[in-house]
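Residues: numbered from 1 along the sequence shown. It should be emphasised that the depicted structure is a prediction, and the values quoted were computed from it without experimental measurement.
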Amino acid sequence: MTDQTAVDAKAVDPTTLTRVNRLRATLLAGTVLAAAAIGLADAAPASAHDELLASSPEDGQVLDAAPASVELEFSNDIIEMGTAIIVVDAAGEELAAGEPAIAGRTVTATLPADVADGEYQVRWRAVSADGHPIEGTIDFGVGAGATGEYPAEPTSDEASEHADDAEQADSQDAEETSAASDAWPIVAGVAVGLGVIALVAALIVRTVRRRGDAS
C-alpha cells in the first residue's frame, strides 16, 4: 500500500467519522437547548400574574364594630419590597395602620382601636414572588348607618394627594423589583446556551488537531 493510499484510508476511518458525527449532533443539541432557554425566558413575563383571593373585611362589607386589622390573602407568596396597605376614611384621612406583616400568601395590617363609624377604603399594593406588582381597593363600612360604599371623591384633596404620593413611591420600588426579576431568566438562558456551544466547539477543535497529528 502506497503512502497516499494509507492517508486516504486514514481519512475515511469509520471511528473518526463516528466521532465527528457525534460532535455535530451534540452541537445541534446545544443550539436547540440555547434557543429553547431563550424562548422560555421570553415567555415567562407573559404568564398570568398573581391575584387577591380573599380579604377581611370583604369588599362592600358593613361591620357592626371596627375590625382590629385588615387581612389580605393572595394566590402566591408576597415579598416585602413594594407591599403596602393604606386605610382612609370618607374624608380621605389616612388611619394610623401598622406596617404590613407578611406570612407567605397573607398580608396583615393592624388598625387603631379608635376607628369611628363611617365609610372606609383599603388601598393595597403587593409584589408577588415573581416580582410583578398588583394593586386594588376594598370598600367597607362600620356602624348601622354605613353602606359599605366608599365616596367616589374624597372631601379632603390634601389627604388624597398624600395617599397618591405614598402609592407612587411604592410603585417605583415594585417596578424596579419587577425589572430585575424579568431580566435574570433571559441572562441565564443565554449563558447556558453559549456555554454548551463553546464546549462542543472546543471538542471539535481538539478532535481535528488529533487527526492532524496522527496524519
Side-chain angles (χ1 to χ4, degrees), residues 40-41 43-144 146-152 154 159-185 188:
L40 289 175
S47 61
H49 301 331
D50 298 323
E51 59 182 356
L52 180 68
L53 297 181
S55 68
S56 178
E58 297 178 355
D59 189 31
Q61 184 177 8
V62 176
L63 306 173
D64 294 334
S69 62
V70 172
E71 182 175 291
L72 309 178
E73 181 181 352
F74 296 89
S75 58
N76 203 349
D77 290 348
I78 299 299
I79 62 178
E80 182 175 356
M81 180 179 293
T83 297
I85 294 179
I86 297 174
V87 182
V88 295
D89 60 18
E93 294 290 343
E94 182 178 336
L95 303 187
E99 291 293 327
I102 301 173
R105 300 186 304 169
T106 303
V107 182
T108 305
T110 59
L111 296 181
D114 57 348
V115 176
D117 292 353
E119 311 294 347
Y120 295 91
Q121 185 176 77
V122 179
R123 301 172 181 176
W124 60 267
R125 172 179 292 273
V127 180
S128 55
D130 62 3
H132 291 282
I134 51 178
E135 62 182 2
T137 60
I138 299 171
D139 298 348
F140 71 95
V142 176
T147 64
E149 296 182 2
Y150 188 77
S160 178
E161 290 176 0
H162 175 71
D164 289 342
D165 291 341
E167 289 182 359
Q168 289 176 1
D170 292 336
S171 177
Q172 183 176 359
D173 291 341
E175 288 175 357
E176 293 175 355
T177 302
S178 177
S181 176
D182 289 344
W184 78 261

**Study point:** Smallest separation among heavy atoms of Ala126 and Thr83, with atom names
**Key:** CA-OG1, 3.7 Å

Check your understanding: Within a strict 4.5 Å, meaning less than it, do heavy atoms of the Leu72 and Ile85 side chains meet?
Key -> yes

Point to revise | Test item: Leu95 and Val115 side chains (from C-beta on) under 4.5 Å apart, heavy atoms | key: yes

Practice item. Could you note down all residue pairs passing salt bridge (Lys or Arg N to Asp or Glu O under 4.0 Å) where residues 106-117 supplies at least one of them, sequence neighbours left out? Key: none

Check your understanding: Of the non-hydrogen atoms in Asp50 and Ala129, which two are nearest, and what is the gap between them?
Key -> OD2-N, 4.2 Å

Kindly list each side-chain donor-acceptor pair under 3.5 angstrom involving residues 54-62, sequence neighbours excluded, with atom names and distances?
| unit_1 | atom_1 | unit_2 | atom_2 | d |
| --- | --- | --- | --- | --- |
| Ser55 | OG | Pro57 | O | 2.8 |
| Asp59 | OD1 | Asp139 | N | 2.8 |
| Gln61 | OE1 | Glu58 | N | 2.9 |

Check your understanding: Taking the side chain from Tyr150 and the backbone from Asp89, do they hold a donor-acceptor pair closer than 3.5 Å?
Key -> yes

Exercise for review: Would you name the heavy atoms of Val127 and Met81 that are closest together and state the gap between them?
Suggested key: CG2-O, 3.2 Å

Revision key, fill the gap. In short, salt bridge (Lys or Arg N to Asp or Glu O under 4.0 Å) pairs touching residues 64-81 with sequence neighbours left out are Glu73-Arg105

Exercise for review: Would you please classify the geometry between the Phe74 ring and the Trp124 ring as parallel, tilted or perpendicular, with 30° and 60° separating the classes?
Suggested key: perpendicular

Point to revise | Leu52 vs Ile134, side-chain contact (heavy atoms from CB on, under 4.5 Å): CA-CA, chis, key distance, verdict | key: CA-CA 9 Å; Leu52 180 68; Ile134 51 178; 5.9 Å; no

Review point. Minimum heavy-atom separation for Ser128 to Ile78, with atom names?
Key: CA-CD1, 4.0 Å

Check your understanding: Do Gln121 and Ile138 have side chains that get closer than 4.5 Å, going by heavy atoms?
Key -> no

Check your understanding: Which pair of non-hydrogen atoms, one from Pro67 and one from Val142, has the smallest distance, and what is that distance?
Key -> CD-CG2, 4.4 Å

Exercise for review: Using the side-chain contact (heavy atoms from CB on, under 4.5 Å) rule, pick out the option among Thr108, Val107, Thr110, Leu111 that qualifies with Val70.
Suggested key: Leu111

Check your understanding: Which atom names give the shortest non-hydrogen contact between Pro151 and Glu119, and what distance separates them?
Key -> CD-CB, 4.2 Å

